[in-house]
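First the structure, in the form of structure tokens, and then the observations on it.
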Amino acid sequence: MSTTPCVLIENETALEAAAREIAVHPTIGLDTETTGLDPLCSRVRLIQFAIPGKNLVMDLFKVRALSNPEIRRVLESSETVKVLHNAKFDVKMLLCHFNIELRGIFDTLLASQLIGAGRIDIGHGLAAVADRHLSQEVDKSAQASDWSGALTQAQYEYAAKDAELMLPLRETLAVQIDELRLNEVAKLEFECVLPIAAMELAGMAIDAACWRNLATEVGRAHEILSIELKHELAPGIEQPSLFGEPEINLDSPAQILDALARMGINVEGTRSWQLQPLAAEHPAVAKLIEYRAIQKAVTSYGLPLLEHINPLTGRLHPDFRQIGATGGRMSCSDPNLQQVPNTPEYRSCFRAPAGRKLVIADYSQIEIRILADWSQDTSLVKALLSGEDLHRVTASQMFGVKLEEVSKEQRAAAKQLNYGIMYGLGAPGLAARVNCPLSEAEEMLRKYFSTYSGMAAWLNEAADRAVRDRENRTRSGRLIHFDFDPQDRTQVAAVQRLGKNSPIQGSCADIIKRALALLHDALKALDAKIVNCIHDEIVVEAAEAEADRCSTIVEHEMITAAREFISSIPVSVDTVISDAWLK
DNA sequence: GGCACCGGCCAC
DNA sequence: AAACGTGGCCGGTGCC
């Protein structure tokens with residue numbers, strides 16, 4: 001039970017005194033209360049500052065606290081540490097309504113996630129974090145209350161509590177970050193909050209009419225296909241009604257499986273890779289594969305996406321989870337702009353507004369470059385330094401033929417290996433992918449690893465370490481914890497694959513996050529904004545007249561970011577200036 | 001009616 | 001050495 005005094009600031013005189021008082025503290029707890037969750041459609045009602053021994057709550061409906069130069073300076077300064085839980089939310093609000101770029105962030109949510117290292121059984125909401133690290137219960141009952149009308153004393157005091165909690169929480173989290181040697185990755189993550197918040201706020205432009213046309217077209221194709229598929233499946237449907245369509249739900253895997261069985265087609269499941277071998281023999285199976293793709297297109301990429309368009313901006317403002325995957329990758333939702341089909345018909349709907357261009361930049365083969373730098377595999381380093389086509393060089397070495405004599409199939413197999421090896425690709429997987437006998441795949445794998453023996457050694461060591469230490473780290477020092485039963489062979493095998501993959505995938509996340517931070521600052525001089533980020537790709541929307549300059553900057557900052565983590569291997573970025581999201 | 005789970009499929 | 005990693009979204013299904 002805290003008795004920290006809570007001072008309500010609702011006039012200019014009190015504000016100036018409060019600003020002077022706040023400004024002397026190196027670390028302050030910070031929180032806001034808003035009239036809603038969407039920054040574009042809601043207003044900031046309260047901003048709460050916690051300093052040792054005192055909470056200050058400013059009612060923005062009564063005093064223009066964020067016009068105060070001293071307050072603004074404190075918020076924008078990297079020198080003063082502002083402690084928040086899920087800072088992205090507050091950052092968006094401050095940026096959207098007051099044009100304040102909050103810097104010097106310590107985010108207790110991200111800190112807790114970094115310390116948790118991907119353990120799945122722990123939550124990272126404020127209540128869970130406070131309970132775990134401070135053994136303190138948090139009352140969230142007033143959080144969803146109405147912050148738009150007259151406020152009670154209890155509401156003001158409730159509002160102050162979360163900000164107050166930030167100070168002790170930071171103390172304990174900072175100690176653990178230190179002990180776990182997570183300082184570098186924490187800095188990386190904290191500096192990334194503002195760029196990601198700004199990216200969400202900027203949103204991505206979409207040509208709604210173009211998308212609607214596409215969706216209707218696809219919808220028509222879906223109708224036709226469903227009739228055709230029902231026709232194909234008719235012999236397998238138990239009691240087809242004499243009139244009308246046969247009764248089957250095409251979207252029910254169980255019913256599909258049942259119908260196929262009645263037709264004498266026995267298959268384990270109805271996933272496309274399971275169906276593919278039977279497609280040539282059975283027209284119904286071929287039709288089903290076709291139907292599935294269009295079903296996905298209609299439901300995931302059809303009209304529902306348009307409902308995410310913000311009425312105020314006419315743009316899509318997705319939600320990025322900064323630490324969305326255990327390795328540190330971001331994830332994206334509502335809508336997920338990291339999974340838009342990579343085909344011209346879909347991507348061309350993402351068009352820059354008139355007078356603007358999209359600068360699309362992605363790292364070229366970044367993961368294998370990380371692996372090369374890390375393992376220092378002689379052949380792989382040499383191949384990447386040569387600047388030749390990597391897959392061709394790989395094939396040439398594997399199969400012992402000259403570069404010019406590498407066949408299409410050999411290059412394709414080498415490419416599969418170069419991409420798949422970090423996922424723990426095995427012979428069966430390779431055989432399925434390049435459509436060859438298992439024995440051939442085994443032989444290719446053996447040749448691959450004898451070509452790149454240093455890489456093989458590194459991957460095996462990474463796998464062993466994961467099993468032995470139950471943890472791994474990325475290049476920024478990000479910690480990845482593995483939970484498994486050592487008696488269970490399949491679990492051990494899974495951890496071995498994770499041990500190989502996660503440091504690479506996670507280091508890629510380190511690099512792109514560093515790039516976002518550098519790029520956000522570098523673009524300030526331009527009329528340009530980061531609008532999307534897809535693991536190894538960054539999309540920037542820029543004024544047409546500045547697109548060339550923007551493209552140079554994007555490329556430069558992305559390469560600078562990568563060089564901070566990869567020193568011995570050249571990094572290249574492919575950049576395109578385009579009207580739409582097309583390469 | 002809401003929630004969790006699964007099978008399935010999209011991205012990198 | 002019988003299974004290539006990370007996510008999110010959708011509809012069906014079964015539960016409360």
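Each chain gets a letter, A, B and so on, in the order the sequences are listed, and its residues count up from 1. Note that the structure is predicted; figures quoted are calculated from it, not measured.
Side chain of A:Lys287 to main chain of A:Ser226: no donor-acceptor pair is present (N/O by atom type, distance under 3.5 Å, no hydrogens or angles). When atom types are taken as modelled, the side chain of A:Arg292 and the backbone of A:Thr270 share a donor-acceptor pair closer than 3.5 angstrom. One N or O on the side chain of A:Gln376 and one on the backbone of A:Asp373 form a donor-acceptor pair closer than 3.5 Å.
Every residue meeting the side-chain hydrogen bond (donor to acceptor under 3.5 Å, both in side chains) condition with A:Asn310, not counting sequence neighbours, appears here in chain and number order: A:Asp38.
For the segment residues 334-346 of chain A, residues with any heavy atom less than 4.0 angstrom from an atom of DNA chain C are, sorted by number, A:Asp334, A:Asn336, A:Gln339. In the region residues 489-518 of chain A, proximity to DNA chain C at under 4.0 angstrom, judged on heavy atoms, holds for A:Arg489, A:Arg497, A:Leu498, A:Asn501, A:Gln505.
When side chains are defined from C-beta on, A:Tyr301 does not count as touching A:Leu214, because their heavy atoms never get closer than 4.5 Å.
In this structure, A:Ile248 atom CD1 and C:dG11 atom P are separated by 18 Å, rounded to whole Å. Taking atom CD of residue A:Glu268 and atom P of nucleotide C:dA2, one finds them 17 Å apart after rounding to whole Å. Following rounding to the nearest Å, A:Ile294 (CD1) and C:dG11 (C1') show an atom-to-atom distance of 17 Å. At whole-Å resolution of the value, CD in A:Glu307 and C1' in C:dC9 are 13 Å apart. Atom CZ of A:Phe449 is separated from atom P of C:dA1 by 17 Å (rounded to the nearest Å). Put simply, CZ on A:Arg329 is 8 Å from C1' on C:dG5, counting in whole angstrom units. Atom CZ in A:Phe320 sits roughly 13 Å away from atom C1' in C:dG7 (whole-Å rounding). Summarising the geometry, the separation between OH on A:Tyr419 and C1' on C:dT6 is reported as 17 Å, rounded to the nearest angstrom.
Taking CD1 of A:Ile368 as the reference point, atom OG1 of A:Thr394 lies at 6.5 Å (rounded to 0.5 Å). Once rounded to the nearest 0.5 Å, the distance linking CG of A:Asp207 with CG of A:Asp579 reads 11.5 Å. Put simply, OG on A:Ser551 and CD1 on A:Ile577 are 4.5 Å apart, with the number rounded to the nearest 0.5 Å. Rounding to the nearest 0.5 angstrom, the gap separating the CD atom in A:Glu537 from the CD1 atom in A:Ile512 is 8.5 Å. Distance CG/A:Asp334 to CG/A:Asp319: 6.0 Å, rounded to 0.5 Å.
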Are there any protein N/O atoms within less than 3.5 Å of an N/O atom in nucleotides 13-16 of chain C, and if so, which ones and at what distance?
from   : atom 1 : to       : atom 2 : distance (Å)
C:dT13 : OP1    : A:Ser252 : OG     : 2.7
C:dT13 : OP1    : A:Gln255 : NE2    : 3.4

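A:Glu367 comes within 4.0 angstrom of no nucleic acid atom, judged by non-hydrogen atoms across all strands. Among the atoms of the strands shown, none is found under 4.0 Å from any heavy atom of A:Gly327.
Remark: of the listed residues A:Lys357, A:Lys529, A:Arg315, A:Arg315 is the sole one forming a side-chain hydrogen bond (donor to acceptor under 3.5 Å, both in side chains) with A:Glu541.
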**Asked** Run the side chain to side chain donor-acceptor pair (under 3.5 Å) check on A:Gln397 and A:Thr451 step by step: do they pass?
**Response** CA-CA 7 Å; A:Gln397 297 206 24; A:Thr451 301; 5.1 Å; no
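In this structure, of C:dA3, C:dG8, C:dG11, it is C:dA3 that holds the atom nearest to the side chain of A:Pro428.
At least one cation-pi condition fails for A:Arg351 and A:Trp581: the charged atom is not both under 6.0 angstrom from the six-membered ring centre and inside a 45 degree cone around its axis. Remark: A:Arg497 is not positioned above the aromatic ring of A:Tyr423, lacking an NZ or CZ atom under 6.0 angstrom from the ring centre and at most 45 degrees off the axis.
Along DNA chain B, read 5' to 3', the first and last nucleotides having any atom under 4.0 Å from a heavy atom of chain A are B:dG7 to B:dC12.
Counting only N and O atoms by type, the side chains of A:Asn472 and A:Ser502 include no donor and acceptor under 3.5 Å apart.
In the helix from B:dG1-C:dC16 to B:dC12-C:dG5, the end axes, each obtained as the rotation axis mapping the C1' atoms of four pairs onto the next four within a five-pair block, lie 0° apart to the nearest 10 degrees.
If you look at A:Tyr346 and A:Trp211, their ring centroids are closer than 6.0 Å.
Contact check, A:Ser333 against C:dG8: no side-chain N or O comes under 4.0 Å of OP1 or OP2.
The pair A:Asp483-A:Arg119 does not meet the salt-bridge criterion, since no charged nitrogen lies less than 4.0 angstrom from a carboxylate oxygen.
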